[in-house]
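Remember, predicted model here, so these are calculated numbers, not experimental data. Indexing begins at 1, ligand by ligand and atom by atom, following the structure's order.
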Amino acid sequence: MSHYKIIFTGPVGAGKTTAISSISDVPPVKTDASASDMTKSKKQATTVAMDYGVINLASGEKIHLYGTPGQERFDFMWDILVNGGIGLVLLLDNTRADPFQDLRFFLKAFDKFINGSSVAIGVTQMDLSATPTIDDYHLQLKALGIKPPVFAVDARVRDDVSILVQSLLYSLDPGLEEAQ
Ligand SMILES: Nc1nc2c(ncn2[C@@H]2O[C@H](COP(=O)(O)OP(=O)(O)OP(=O)(O)O)[C@@H](O)[C@H]2O)c(=O)[nH]1
Ligand SMILES: [Mg+2]
């Protein structure tokens with residue numbers, strides 16, 4: 001039986017922990033701690049080590065899901081978590097001050113891993129901030145010279161997260177996606 005690993009990353013509040021909770025077929029493991037020092041944050045908890053969940057494919061294969069902390073002070077975990085991974089889900093929060101800067105920052109931080117694997121991008125909170133649009137993201141990515149799948153996703157909605165994960169798997173191996 002094959003096991004695969006994908007990694008969710010992105011800035012604080014993008015919805016990594018929420019997305020893994022939405023899609024995991026087992027109760028997710030979280031390492032959220034009180035975010036009382038994050039005075040500007042709209043949420044109470046932040047990931048300090050990792051999130052973990054699993055998708056069980058119909059074929060019997062398993063996709064292990066790991067979420068990184070968003071905060072840079074925990075960035076030592078990023079290299080640890082990508083080890084052995086086959087692809088990256090980058091979640092961006094459209095309400096942040098400069099989502100394109102977040103995009104560039106995370107593509108750069110994970111560039112080695114992405115070069116050897118694949119990336120799919122999910123833009124969350126588009127219900128709260130409609131711009132930049134998905135087309136704007138496509139243009140930005142084109143300027144950066146890459147063409148990953150980009151979707152509007154609500155991390156709380158299982159189907160949204162599922163489509164994003166499927167697009168990542170499809171870009172890696174069309175046969176794997178069909179197995180679901
Ligand atoms: N309105 C709205 N809320 C969303 C959407 N996606 C996620 N959320 C909310 O945004 C928050 C995201 O929080 P987390 O899942 O903890 O974010 P995270 O990326 O794990 O953050 P860190 O661990 O701190 O890096 C949660 O309160 C979600 O319910 C969306 O599309 N729209
Ligand atoms: Mg988190």
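- Coordination check, T46 versus the Mg ion (ligand 2): failed, since every N/O/S atom of the residue sits at 2.8 Å or beyond.
- A pairwise comparison of heavy atoms in D51 and T68 identifies OD2-O, 4.4 Å as the closest pair.
- Using a 4.5 Å heavy-atom cutoff, the side chains of I55 and K62 are not in contact.
- At least one N/O/S atom of T17, from backbone or side chain, sits under 2.8 Å from the Mg ion (ligand 2).
- Taking 4.5 Å as the limit, some side-chain heavy atom of I121 sits within range of a side-chain heavy atom of L141.
- Considering backbone and side-chain N/O atoms, G13 comes within less than 3.5 Å of an N/O atom of ligand 1.
- For ligand 1, the polar-atom distance check finds no N/O of G10 at less than 3.5 Å from any of the ligand's N/O atoms.
- Polar contact check, G15 against ligand 1: a nitrogen or oxygen pair lies under 3.5 Å apart.
- Cluster membership for F151 and F100, using ILVMFWY side-chain heavy atoms within less than 4.5 angstrom, is not shared.
- Side-chain contact annotation: R104 with Q140, donor-acceptor N/O pair under 3.5 Å present.
- Distances between N or O atoms of D32 and those of ligand 1 include no value under 3.5 Å.
- Neither the backbone nor the side chain of D93 comes within contact range of ligand 1; no heavy atom lies under 4.0 Å.
- When only interatomic distances are considered, the shortest N/O to N/O separation between A155 and ligand 1 falls below 3.5 Å.
- Geometrically, K5 engages Y66 in a cation-pi contact, judged by NZ or CZ lying under 6.0 Å from the ring centre and within 45° of the ring axis.
- Proximity of P132 to P99: side-chain heavy atoms (C-beta onward) are separated by under 4.5 Å at one or more points.
- Residue T46 places at least one N or O, backbone or side chain, under 3.5 Å from an N or O of ligand 1.
- Counting heavy atoms only, T17 comes closest to atom 20 (O) of ligand 1 of the residues T17, L91, N94.
- Between the side chains of D93 and T95, a donor-acceptor pair is found at a separation under 3.5 Å.
- Looking at ligand 1, you'll find an N or O of T18 within less than 3.5 Å of one of its N or O atoms.
- Polar contact check, K43 against ligand 1: a nitrogen or oxygen pair lies under 3.5 Å apart.
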